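Worksheet for the structure shown next.
Residue numbering restarts at 1 for every chain, and letters A, B, ... go by the order of the sequence lines. Please read all numbers here as calculations on a predicted model, not as lab measurements.
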There are 2 protein chains.
Amino acid sequence: MNDRHEQWQAAERLALTLTEGGLQRMAARTLAVFLFTDAETVTMGDIADQLGVSAGSVSGSVKSLLSVGLIERLPAPGSRREHYRLREDAWATLFSTQNTVVQLMLQAAETSIATTAANDPAHRRLSQMRDFYQFLFQEIPTLLHRWQQHQATRPG
Amino acid sequence: MNDRHEQWQAAERLALTLTEGGLQRMAARTLAVFLFTDAETVTMGDIADQLGVSAGSVSGSVKSLLSVGLIERLPAPGSRREHYRLREDAWATLFSTQNTVVQLMLQAAETSIATTAANDPAHRRLSQMRDFYQFLFQEIPTLLHRWQQHQATRPG
DNA sequence: GGAAGGGTTCAGAAAGTTCTGAAGATTCGC
DNA sequence: GCGAATCTTCAGAACTTTCTGAACCCTTCC
């Protein structure tokens, strides 16, 4: 149940799944380190050691994970190394990020509709597309709100 | 408002957005043809002409769009060419397909938790991940049900 | 039943993505 | 301020994905 090798395999498998979800390969592997480490925080050196990759790769991955808000830099306690950790709301954040696609789809549908005449079959098809993404777009805040409530009932 | 060139640009832009959403490039461009055509159905030849790509590419794209249920083959009325069109529930289908990732995440989290001890910080992090995706997984059917109701109130 | 159009497949070319390694920038400790 | 450790950047190598083109198969029509 607590075997290091087994745990490592699970981490790499999870990284592959994260890749399916849209993250870049190295960013996914880096995130897996943040999830599986038994320390509270990690440094870039830790990540490079754990994954056996170059410092350059780690730098790029950490930068991208920071930019989407999945990890955070901790106020360095007088150390030379920067410490990072997974953010508490990482998963809700990841979900929200992925849903910017919904916005893009909605916008694309709307501008496309504007290029069609009302009696064109394309007008009807694009309107259906717009309606669906408009619906989704409305529902996302509701969904995240329900998640917060759900969390409140089962406090960590 | 009905300029062919403008419409074509919109189609290609929409195709790029679909690519962001996880579709392959050529499949996305093909889907754009299905959306923007002023005919009720299209043939593979139509698509190849419109996009200026090889018959091989079109064959592959159409196959993949069929497999995920975004388009359908029509009962051919004694013609040599196969006719296809966008399915009515294409967008809900696309959304559902993309949410298989949620299932994969949930499974990955669960198997990962099994490799950690209860007092390991990783255990807590992975549990948070599982809780979120379990929540999402529960909510998807509800969401699609609400979409159907929403559609019923505004009939096409 | 044979010819021709339409569709499929797949090897290889083209394009795109990702990682490394090395050089440069930055920051902390002294 | 100087030196050392850490981090960043970026050109190019390695790898992956995607598209084409040509050969092959299947079906329709005469």
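As a whole-Å value, the separation of A:Leu66 CG from D:dC7 P is 12 Å. Rounded to an integer number of Å, the gap from A:Arg29 CZ to C:dT18 C1' is 12 Å. When the C1' atom of D:dT6 is taken as reference, atom CD1 of A:Ile47 falls 13 Å away, rounded to whole Å. In this structure, CE of B:Met44 is placed 10 Å from P of C:dT9, rounded to the nearest angstrom. Here C:dT20 presents its P atom at 13 Å from CD of A:Gln24, a figure rounded to the nearest Å. To the nearest angstrom, P of D:dT18 lies 11 Å from CG of B:Leu23. In this structure, CG of A:Leu16 is placed 14 Å from C1' of D:dT16, rounded to the nearest angstrom. Following rounding to the nearest Å, A:Leu18 (CG) and C:dT18 (C1') show an atom-to-atom distance of 17 Å.
Look at A:Ser57 and you'll find a side-chain N or O under 4.0 angstrom from OP1 or OP2 of C:dT20. The side chain of B:Ser54 places an N or O atom within less than 4.0 Å of a non-bridging phosphate oxygen (OP1 or OP2) of D:dT20. The shortest distance between the side-chain N/O atoms of A:Lys63 and the OP1/OP2 oxygens of D:dT9 is below 4.0 Å. Considering only side-chain N and O atoms, B:Arg25 lies nowhere under 4.0 angstrom from the phosphate OP1 or OP2 of D:dT17. When the side-chain nitrogen and oxygen atoms of A:Arg81 are compared with OP1 and OP2 of D:dT6, one or more of them lie within a distance under 4.0 Å.
Checking A:Gln98 against B:Gln98 by side-chain atom types alone, no donor-acceptor pair falls below 3.5 Å.
Of the residues near DNA chain C, B:Gly56 and A:Val53, the one whose nearest nucleotide (by heavy atom distance) lies more toward the 5' end is B:Gly56. Nearest-nucleotide positions on DNA chain C place A:Met26 closer to the 5' end than the other of A:Met26 and A:Ala55.
Side-chain atoms of A:Arg130 do not come within 3.5 Å of backbone N or O of A:Ser112 as any donor-acceptor pair. Checked by atom type and distance alone, the side chain of A:Thr100 never pairs as donor or acceptor with a backbone atom of A:Ser96 at under 3.5 Å. B:Asp46 places a side-chain N or O within 3.5 Å of a backbone atom of B:Thr43 that can act as its donor or acceptor partner.
Contact record, A:Thr30 with A:Ser61: OG1-CB, 3.3 Å, taken as the closest heavy-atom pair.
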